[in-house]
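Here is how names work: the chains are called A, B, and so on, in the same order as the sequence lines, proteins then strands, and each is numbered from 1.
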2 protein chains.
Amino acid sequence: MKNINASGLKMTPQRVAILEYLHGNTDHPSAEDIYREIGKKYPMMSFATVYKTIETLKNRGELLELTIDPARRRYDPDTRHHHHLICVECKKIVDIYEDFQISVPEDHACSFEMIGNHIEFYGMCPECKKRKEPDLWENSPVTSAEQQKREGANRNSVLPAVNKTL
Amino acid sequence: MKNINASGLKMTPQRVAILEYLHGNTDHPSAEDIYREIGKKYPMMSFATVYKTIETLKNRGELLELTIDPARRRYDPDTRHHHHLICVECKKIVDIYEDFQISVPEDHACSFEMIGNHIEFYGMCPECKKRKEPDLWENSPVTSAEQQKREGANRNSVLPAVNKTL
DNA sequence: CTATTGACAATAATGATTATCCTTTGATAA
DNA sequence: TTATCAAAGGATAATCATTATTGTCAATAG
C-alpha cells in the first residue's frame, strides 16, 4: 500500500490515485471506469492520463489487458495466472484461480512455441438468472427501469458471440 | 453450394459472395478483411453491407465473433465448439479442436449458471520465431521492410496483455 | 399494377483509443 | 534549497472500428 512502486517510475498524484484504485480491485474496470471513479476525487484528471498510465503499467507487466468484452478493453491488476468467468448478461467478470492443466497436443500445435493460455468461462450470474426467469415469480412485472439499474455493468455491448455457441 | 441457405434468408449477390468467402475459411478474418477481399470481385459493395451481413449471421448462430484480438473483431464460420491458438507476434489464429474437459469447481463458480468456455492459447508461430531469433543465423540484417511483409496479419495492434503474463 | 418489405449504397455519427502539442512538475544533483 | 530537464499531465484533435440514418431499388404480395 505504501511504496506502491519503487523502480524508476515517477510518482505523481494522478498515478498514485490510479494505483490505489487498482490495488486489490477485482472489478476488471475499463478505462472509463477508472476515469469516472477517480474523477470523483480528482475532477481535474484528464482521460489521456488514464490511458497513458494504463499503457505504462501494461508495459511494465503490472496490469493485464482483458479482451473478453468486445465493446471495450478491461484491466486486471492481478497479474498472476488465472482465468475469468463472465456473465453473458451483465458482463460481470469473476476471477477463477483454479489451475487447469491444459496443453495443446504436439500435432495440433503447428510447431508453435507455446507461451500461455487463458480460459474464458461464460455463464449467467445469480442476479441475472433470477431477473431472466420471471416464470418462477408468477408474471412478475419487471419494469425496464429495473432492468437498467443493474450495478453499473449493463452497457450497450454485444456479448462475444462465442457465448452463443453454447 | 447452390442455395447456401434455405431458411428464410433472402439471398443477394453480396450475401452469396460473403457466404462463399466465409465457407470453410479458417483465417478468422475481420470485417475489413472480408470487405477488402470481396471488393476485388465486387468493387461496388458497401462496408455497411459487410457489417450488416455479419450481424445477421451472428444472430442466426452461423458466425462466431472472436474477441482474441483487442484491435478488431474477428469472425469464425466454424460454429463447432473449439479453441484458438494465436501468435502473439503476427496475430495468426489457428483452430484447436481438442476437447478439454474443464469445469469450474462449484465453490468458485459463485452460483453462476455455466454456459460454456473458450480457451485462448498464446504462442509464437514458426515463421515469427525464426524471424525473432537472428542469433541463430549470424547477425542477419533483418530489414524493417522484411519485418513488415509478414502475410497481411501484422497490423498495428497491441497483443492482449494476457500474453505478457505467460 | 401498386404497395410493401427487405437489402443496398452512401455517408454521417458514435465511441473507444491514440496522437499531438504545449505546460507543469517530480526527482536529481549542484 | 534551487536549478535543471526529462518525464508526465491537460486539453484537444485525429484515427479507427463499428453503428445508425436516409433515400433508392428490387423482388414479391395483394
Next item on the list: Measure the acute angle between the ring planes of Phe47(B) and Tyr35(B), then classify it against the limits of 30° and 60° as parallel, tilted or perpendicular.
Entry: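 Ring orientation, 0 to 90° scale: parallel.
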Look at the side-chain N and O atoms of [X] and state whether any lies under 4.0 Å from the OP1 or OP2 oxygen of [N].
{"X": "Tyr51(B)", "N": "dT18(D)", "result": "yes"}
{"X": "Thr12(B)", "N": "dC8(C)", "result": "yes"}
{"X": "Arg72(A)", "N": "dT17(C)", "result": "no"}
{"X": "Arg74(A)", "N": "dA16(C)", "result": "no"}
{"X": "Gln14(A)", "N": "dT25(C)", "result": "no"}

Starting at [atom1] of [X] and ending at [atom2] of [N], how long is that distance when rounded to a whole Å?
{"X": "Arg60(A)", "N": "dA8(D)", "atom1": "CZ", "atom2": "P", "value": "9 Å"}
{"X": "Phe47(B)", "N": "dC16(D)", "atom1": "CZ", "atom2": "C1'", "value": "10 Å"}
{"X": "Met11(A)", "N": "dT24(C)", "atom1": "CE", "atom2": "C1'", "value": "17 Å"}
{"X": "Asp33(B)", "N": "dA17(D)", "atom1": "CG", "atom2": "P", "value": "10 Å"}
{"X": "Glu55(B)", "N": "dG6(C)", "atom1": "CD", "atom2": "C1'", "value": "16 Å"}
{"X": "Arg73(A)", "N": "dT17(C)", "atom1": "CZ", "atom2": "P", "value": "6 Å"}
{"X": "Ile38(B)", "N": "dA9(C)", "atom1": "CD1", "atom2": "C1'", "value": "15 Å"}
{"X": "Leu19(A)", "N": "dA8(D)", "atom1": "CG", "atom2": "P", "value": "12 Å"}

Can you measure from [atom1] ([X]) to [atom2] ([Y]) and round to the nearest 0.5 angstrom?
{"X": "Arg36(B)", "Y": "Asp33(B)", "atom1": "CZ", "atom2": "CG", "answer": "5.0 Å"}
{"X": "His83(B)", "Y": "Asn117(A)", "atom1": "NE2", "atom2": "CG", "answer": "10.5 Å"}
{"X": "Arg15(A)", "Y": "Lys52(A)", "atom1": "CZ", "atom2": "NZ", "answer": "9.5 Å"}

Check: Can any side-chain N or O of His82(B) pair as donor or acceptor with the backbone N or O of Tyr97(B) at less than 3.5 Å?
Finding: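 No.
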Next item on the list: Decide yes or no, distance alone: a donor-acceptor N/O pair under 3.5 angstrom between the base of dG10(D) and the side-chain of Lys52(A).
Entry: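 When only heavy-atom distances are counted, Lys52(A) does reach the base of dG10(D) through a donor-acceptor pair under 3.5 Å.
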Of the listed nucleotides ([options]), which one gets closest to any side-chain atom of [X]?
{"X": "Arg15(B)", "options": "dA17(D), dA7(C), dG9(D)", "result": "dA7(C)"}
{"X": "Lys10(A)", "options": "dT25(C), dT12(D), dA9(C)", "result": "dT25(C)"}
{"X": "Pro13(A)", "options": "dA20(D), dC8(C), dG26(C)", "result": "dG26(C)"}

